[in-house]
There are 2 protein chains.
Amino acid sequence: MSIQLPLITDPLLQDEIERNGKIKVFEPGQTIIEPGQYIKMVPIILEGAVKVMRTDEEGHELFLYYIESGETCAVSLTCCSTSDPSDIKAVAEEKTTVIGVPVRKHEEWTNEFRQWKDFVAMTYQKRFQEMLKAIDDIAFKRMDERLLKYLIVKSKQLNTLELTMTHQQIASELGTSREVISRLLKQLEKRKLVELERNRVYVRDNLAGLLEDIDR
Amino acid sequence: MSIQLPLITDPLLQDEIERNGKIKVFEPGQTIIEPGQYIKMVPIILEGAVKVMRTDEEGHELFLYYIESGETCAVSLTCCSTSDPSDIKAVAEEKTTVIGVPVRKHEEWTNEFRQWKDFVAMTYQKRFQEMLKAIDDIAFKRMDERLLKYLIVKSKQLNTLELTMTHQQIASELGTSREVISRLLKQLEKRKLVELERNRVYVRDNLAGLLEDIDR
DNA sequence: AAGCCAATGTGACAAGAGTCACAGACTTTT
DNA sequence: AAAAGTCTGTGACTCTTGTCACATTGGCTT
């Protein structure tokens with residue numbers, strides 16, 4: 001099996017990754033990294049998507065961003081180099097195939113392969129910007145806006161208008177309580193932007209089109 | 001004049017930085033970078049401190065973190081590589097001396113000097129963690145806690161218990177309104193943690209000692 | 001000293017979000 | 001079919017924060 005990463009075309013580097021990486025498959029919902037764990041591998045997502053969240057001491061969670069296929073995780077890059085434990089939690093959002101690269105190789109390749117260096121730089125850049133976006137949302141937006149955006153992003157992410165999840169799950173990811181989400185979803189339903197069923201939020205297509213406005 | 005950076009001891013690299021960098025001095029309060037500006041230089045702080053803030057479209061500000069002497073700015077590192085405009089605002093907090101290094105040199109050194117590469121990695125790592133801390137504060141803490149922490153961090157930062165600033169300035173940095181800060185400061189005064197005067201907040205020493213608890 | 005302006009203090013109110021309690025509705029288990 | 005468990009809907013209340021209005025204070029200018 002050959003590795004296909006849009007940003008890595010150098011056959012030598014591809015070969016290196018294939019020979020040194022360990023492939024792992026995670027089922028939807030499976031936790032990949034938890035806060036406090038040490039990271040020994042730099043994971044590159046081959047297929048699927050990973051949800052990255054911040055958690056606080058009291059168990060509150062907060063969705064930060066997705067890592068999609070072809071991307072890697074900035075936190076692991078930084079944690080590795082200093083061998084600090086992880087600050088974040090990562091959960092497979094879909095069935096996800098990951099290739100884990102030993103830290104040592106990452107350091108080697110940074111010296112040897114221009115493309116690897118660019119890949120790493122790109123990753124930092126992208127994650128930084130997503131963190132900034134997350135901060136904007138949390139600091140400056142109200143929960144209804146955040147919920148709306150969350151639903152749209154998630155439905156794009158999973159490429160479906162049918163989101164199978166409970167209000168409680170949504171609430172956790174947005175760092176609020178179930179009742180708040182129930183109420184806000186009900187409002188969205190009244191505005192004909194979603195349809196609600198048990199364990200399911202159906203994103204109506206007039207909402208799905210709004211992404212551009214919201215994502216800026 | 002010779003450059004003193006704790007993380008850069010390689011004399012060859014020091015020499016390179018000295019020969020290729022341009023030194024600039026910023027007065028306290030002077031804006032170094034504003035959102036939308038393009039960054040052509042990687043700034044390394046030689047002396048002083050720089051305050052990094054996020055801003056939204058409506059002019060709200062939000063303090064993210066300080067860059068202190070010996071450090072560089074992760075945003076500029078990422079912005080440079082992609083020549084995107086800045087997402088953030090940076091203001092000199094004290095009188096600050098900066099040496100600006102051309103982007104091209106940064107790329108060169110990444111290949112040539114192990115120490116430069118480590119320096120850059122360190123920077124990313126540190127900024128990432130500060131962003132996460134900022135997110136924690138915004139998402140999970142109330143304004144009174146944030147204010148307390150802000151005062152302590154600022155007083156450590158400037159190495160003084162006398163903070164010369166108005167309530168409005170504090171409010172801006174915490175992304176709230178002047179009245180809220182006035183009220184909360186008054187509460188802190190009642191709790192004997194600060195003393196208030198026009199244009200001045202005096203951080204009492206029983207408060208200053210709290211940093212460890214708060215910063216985790 | 002009078003006037004002015006920026007900074008601060010404060011009460012009153014509104015909006016958003018979090019919490020509690022509890023009622024239904026739907027599923028799964030027994 | 002009954003019971004148990006999960007999920008959702010909702011009213012009532014509280015807390016925090018934001019906003020408006022206005023009074024007061026301190027310091028500077030003229």
Side-chain angles (χ1 to χ4, degrees), chain A residues 29 55-63 134-151 162-203, chain B residues 29 55-63 135-151 154 162-203:
Chain A
T55 58
D56 79 348
E57 316 78 48
E58 286 112 45
H60 295 123
E61 295 189 346
L62 185 63
F63 169 75
I135 288 180
D136 284 350
D137 289 352
I138 300 163
F140 301 126
K141 302 220 164 112
R142 267 173 299 124
M143 195 52 81
D144 53 353
E145 271 185 281
R146 289 178 56 203
L147 173 60
L148 207 56
K149 183 167 167 182
Y150 175 84
L151 293 174
E162 247 185 76
L163 302 176
T164 301
M165 56 194 320
T166 68
H167 297 182
Q168 182 57 64
Q169 286 175 303
I170 300 175
S172 298
E173 302 211 354
L174 293 175
T176 182
S177 70
R178 201 264 312 161
E179 295 93 320
V180 170
I181 295 299
S182 285
R183 267 198 281 269
L184 293 176
L185 278 174
K186 211 65 197 161
Q187 289 175 20
L188 292 183
E189 194 178 41
K190 277 184 194 138
R191 290 165 59 194
K192 313 262 185 220
L193 296 173
V194 299
E195 281 163 37
L196 300 178
E197 276 173 38
R198 192 186 169 85
N199 295 315
R200 213 182 63 120
V201 178
Y202 184 77
V203 177
Chain B
T55 57
D56 79 347
E57 316 78 48
E58 286 113 46
H60 296 123
E61 295 189 347
L62 186 63
F63 169 74
I135 288 181
D136 284 350
D137 289 352
I138 300 163
F140 302 125
K141 302 221 164 110
R142 268 174 298 126
M143 195 52 80
D144 53 353
E145 271 186 282
R146 290 177 55 203
L147 173 60
L148 207 55
K149 182 167 168 184
Y150 175 85
L151 293 174
K154 189 122 185 168
E162 246 184 78
L163 301 175
T164 302
M165 56 192 323
T166 67
H167 299 180
Q168 182 57 64
Q169 286 174 303
I170 300 174
S172 298
E173 301 210 355
L174 293 175
T176 182
S177 70
R178 199 262 315 159
E179 294 93 322
V180 170
I181 295 301
S182 285
R183 264 197 289 268
L184 294 176
L185 279 175
K186 211 67 198 162
Q187 289 176 20
L188 292 183
E189 194 178 40
K190 278 184 193 136
R191 289 166 59 195
K192 313 259 185 223
L193 297 173
V194 300
E195 280 164 37
L196 300 177
E197 277 173 37
R198 191 189 172 82
N199 294 316
R200 212 183 64 121
V201 177
Y202 183 77
V203 176

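We name chains A, B, ... by the order of the sequence lines, and we start the count at 1 in each one.
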Asker: Between C1' on D/dT17 and CZ on A/Phe140, what's the gap in Å once rounded to a whole number?
Answerer: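 Taking atom C1' of D/dT17 as the reference, CZ of A/Phe140 is at 15 Å.
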
Asker: Starting at atom CZ of B/Arg142, determine the distance to atom P of D/dT17, rounded to an integer number of angstrom.
Answerer: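 Computing the B/Arg142:CZ to D/dT17:P distance gives 6 Å.
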
Asker: Quick one: does any side-chain atom of A/Glu173 pair with a main-chain N or O of A/Ile170 as donor and acceptor, under 3.5 Å?
Answerer: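 Answer holds: no.
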
Asker: In whole Å, I'd like the distance from the CG atom of B/Leu196 to the C1' atom of D/dT24.
Answerer: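 Rounding to the nearest Å, CG of B/Leu196 and C1' of D/dT24 are 16 Å apart.
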
Asker: CD1 of B/Ile181 versus C1' of D/dT19: gap in Å, rounded?
Answerer: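 The distance from CD1 of B/Ile181 to C1' of D/dT19 comes to 15 Å, rounded to the nearest Å.
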
Asker: Within the pair A/His167 and D/dT6, is there a side-chain N or O less than 4.0 Å away from OP1 or OP2?
Answerer: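 The answer is no; no side-chain N or O of A/His167 sits under 4.0 Å from OP1 or OP2.
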
Asker: Mind listing the closest non-hydrogen atom pair of B/Ile135 and A/Leu62 along with its distance?
Answerer: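 It is CG2-CD2, 3.7 Å.
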
Asker: Can you tell me the distance, in whole Å, between the CZ atom of B/Arg146 and the P atom of D/dT16?
Answerer: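 One finds 15 Å between P of D/dT16 and CZ of B/Arg146, rounded.
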
Asker: Report, as a single string ordered 5' to 3', how protein heavy atoms within less than 4.0 Å touch nucleotides 19-25 of chain C: B base, S sugar-phosphate only, - not at all.
Answerer: BBB---B

Asker: Inspect the contact between A/Asp136 and A/Lys141 and indicate whether a charged nitrogen and a carboxylate oxygen are less than 4.0 angstrom apart.
Answerer: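 Answer for the salt bridge query: no.
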
Asker: Could you check how far CD of B/Gln168 sits from C1' of D/dT19, rounded to whole Å?
Answerer: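 In whole Å, D/dT19 C1' lies 13 Å from B/Gln168 CD.
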
Asker: Working to the nearest 0.5 Å, report the span between CD of B/Glu189 and CD of B/Glu195.
Answerer: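 Nearest 0.5 Å value for the CD-CD distance: 7.0 Å.
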
Asker: By side-chain hydrogen bond (donor to acceptor under 3.5 Å, both in side chains), which residues pair with B/Arg178, not counting sequence neighbours?
Answerer: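 Once residues adjacent in sequence are excluded, the partners of B/Arg178 under the side-chain hydrogen bond (donor to acceptor under 3.5 Å, both in side chains) criterion are B/Ser182.
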
Asker: Heavy-atom nearest nucleotide on DNA chain D for B/Asp144 versus A/Leu185: which residue maps closer to 5'?
Answerer: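 It is A/Leu185, whose closest nucleotide lies nearer the 5' terminus.
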
Asker: Step through the shown structure and confirm whether more than 12 heavy atoms of other residues, nucleotides or ligands are within 6.0 Å of CZ on B/Phe140.
Answerer: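 Count over threshold, so yes.
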
Asker: In whole Å, what is the span from the CE atom of B/Met143 to the P atom of D/dC15?
Answerer: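 Rounding to the nearest Å, CE of B/Met143 and P of D/dC15 are 19 Å apart.
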
Asker: In whole angstroms, how far is the P atom of D/dT25 from the CG atom of B/Asn199?
Answerer: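 Distance check: B/Asn199 CG to D/dT25 P gives 17 Å.
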
